[in-house]
2 protein chains.
Amino acid sequence: MKKLEHHECKSALLPVRDTLDIIGGKWKILILISIWEGNKHFREIERSIPKLSTKVLSSELKDMEANQLITRTVINGFPVRTEYEATAYSETLKSVIAELHSWGVNHRKKILGQ
Amino acid sequence: MKKLEHHECKSALLPVRDTLDIIGGKWKILILISIWEGNKHFREIERSIPKLSTKVLSSELKDMEANQLITRTVINGFPVRTEYEATAYSETLKSVIAELHSWGVNHRKKILGQ
DNA sequence: CCGCATCCGAGTGGATACTG
DNA sequence: CAGTATCCACTCGGATGCGG
């Protein structure tokens, strides 16, 4: 993708903020990765991420469902079980995460090597 | 850059979080863009970004200086003036921002088109 | 097992005033 | 002009308990 020029930055802001709102929190990427790794159930996801409370997990999952990164399926029976799964669409975030990762690796090298 | 595979995600997390910490706040990208657009002085930057208080601006600028995205130069005289400038290094964020932007544009299209 | 409701403390961020 | 200090409202998020 081409680089943004300075004069284009202002108009670029809203979508940038949208994206940051969606993946920028403290937990969303962790949760997404946990699901990518195969965790499907609420407690499974909770246990896979230290320090994450049920309240926060619950609200994060709702956001992510609204943004179509995951699906939520209730399986009737007793006890009730719920399955969360990553959507194909969520895969499109991988290039974004890859870019964040790449910059972060380089930045860490730069800051520490001084 | 190649896509991340699932099993690589865990090790990818720290650098991703680093990057999000650096640009993920509510203001940092706005401030960076304001400086890219030519605003150099504290009050100039403040006035260019609605709702941004001096306290927050002050602390954000410190973070950004620590991360070498900007430089701070005090010009003696009276009244004292200070110049903030974006570093060449800060330009490396443009591809990250471009990726966030591109995903955000597409996401907005997807969400609204329903 | 799933996940919401409630309570509550800590931290964030806004407004304003003030110093150098 | 540049930035800090203070006060305060508000939000966030942790702990816990409960209902389905």
Side-chain angles (χ1 to χ4, degrees), chain A residues 13 17-18 20-35 37-87, chain B residues 13 17-18 20-67 69-87:
Chain A
L13 278 177
R17 282 246 55 83
D18 286 348
L20 286 175
D21 287 345
I22 290 167
I23 64 169
K26 196 170 169 187
W27 303 110
K28 295 224 168 61
I29 289 187
L30 295 176
I31 294 168
L32 192 52
I33 289 175
S34 173
I35 295 175
E37 285 177 342
N39 295 309
K40 289 178 181 311
H41 302 295
F42 192 89
R43 298 288 167 187
E44 266 178 4
I45 298 168
E46 184 193 357
R47 277 192 296 266
S48 73
I49 303 176
K51 304 286 181 184
L52 176 55
S53 71
T54 64
K55 184 167 76 173
V56 173
L57 176 56
S58 173
S59 96
E60 298 289 67
L61 287 170
K62 262 182 202 142
D63 287 352
M64 293 167 71
E65 192 189 359
N67 285 314
Q68 305 182 33
L69 302 183
I70 58 174
T71 58
R72 178 176 183 277
T73 312
V74 177
I75 302 169
N76 290 313
F78 188 83
V80 169
R81 290 184 66 78
T82 308
E83 275 195 9
Y84 295 94
E85 287 174 295
T87 59
Chain B
L13 276 177
R17 281 245 53 84
D18 287 348
L20 287 175
D21 286 343
I22 290 169
I23 64 169
K26 196 170 168 187
W27 303 109
K28 294 224 171 60
I29 289 185
L30 294 175
I31 294 167
L32 192 52
I33 289 174
S34 174
I35 295 175
W36 278 341
E37 284 177 341
N39 294 309
K40 288 178 182 311
H41 303 293
F42 192 90
R43 298 289 166 185
E44 262 179 7
I45 299 167
E46 184 192 358
R47 276 191 298 266
S48 74
I49 303 176
K51 304 285 180 186
L52 176 56
S53 71
T54 62
K55 184 166 76 173
V56 174
L57 176 54
S58 172
S59 97
E60 298 290 66
L61 287 170
K62 265 180 200 143
D63 287 352
M64 293 167 70
E65 193 189 357
N67 285 314
L69 303 182
I70 59 174
T71 57
R72 178 179 182 274
T73 311
V74 177
I75 302 170
N76 289 314
F78 189 83
V80 170
R81 288 182 69 79
T82 308
E83 276 194 10
Y84 293 95
E85 287 174 293
T87 60

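A quick note: this is a predicted structure, and the numbers were derived from the prediction, not measured. Letters go in sequence order (proteins before strands), and every chain restarts at 1.
Residue B:T54 places no side-chain N or O under 4.0 Å from the OP1 or OP2 atom of D:dA2. Within the 4.0 Å cut-off from OP1 or OP2 of C:dG20, not a single side-chain nitrogen or oxygen of B:R81 is found. Taking side-chain N and O atoms only, A:H41 has no distance below 4.0 Å to OP1 or OP2 of C:dC1. Residue B:Y84 places at least one side-chain N or O under 4.0 Å from the OP1 or OP2 atom of D:dG3. Applying the 4.0 Å criterion to OP1 and OP2 of C:dG11, one finds that B:K55 has every side-chain N and O outside that range. For D:dT4, one of the phosphate oxygens OP1 or OP2 lies less than 4.0 angstrom from a side-chain nitrogen or oxygen of B:S58.
Across all non-hydrogen atoms, the minimal contact from B:D63 to B:K28 is OD2-NZ, 3.5 Å. For A:T54 against A:E46, the heavy-atom pair with the smallest separation is CG2-OE2, 3.5 Å. Nearest heavy-atom pair, B:A86 versus B:I35, reported as atom, atom and distance to 0.1 Å: N-CG2, 3.5 Å.
Nearest-nucleotide positions on DNA chain C for B:V56 and A:S59 put A:S59 closer to the 5' end. When the nearest nucleotides of DNA chain D are assigned to A:K51 and A:F78 by heavy-atom distance, the more 5′-ward of the two goes with A:K51.
Side-chain atoms of A:S34 do not come within 3.5 Å of backbone N or O of A:N39 as any donor-acceptor pair. A distance-only check finds no donor-acceptor pair linking the side chain of A:E60 to the backbone of A:V56 [under 3.5 Å].
Below the 3.5 angstrom threshold, one finds a donor paired with an acceptor across the side chain of B:R43 and the base of D:dA2.
One interatomic measurement links the two molecules: CD1 of B:I45 to P of D:dA2, which rounds to 9 Å at whole-angstrom precision. Look at CG on B:L52: it is 11 Å from P on C:dG13, rounded to the nearest Å. Going from atom CZ of A:F42 over to atom P of D:dG20 covers 18 Å, rounded to whole Å. One atom, CZ of B:R72, and another, P of D:dC1, lie 16 Å apart when rounded to the nearest Å. Residue A:L61 contributes atom CG, which lies 14 Å from atom P of D:dG13 at whole-angstrom precision. A:K62 places its NZ atom 15 Å from the P atom of D:dG13, with the value rounded to the nearest Å. In this entry the distance linking CG of A:L30 with C1' of D:dG13 reads 15 Å, nearest Å. A straight line from CD1 of B:I75 to P of D:dA2 spans 9 Å, rounded to a whole angstrom.
When the nucleotides C:dG14, D:dA2, C:dC1 are ranked by their closest atom to the side chain of A:P79, C:dC1 comes out on top.
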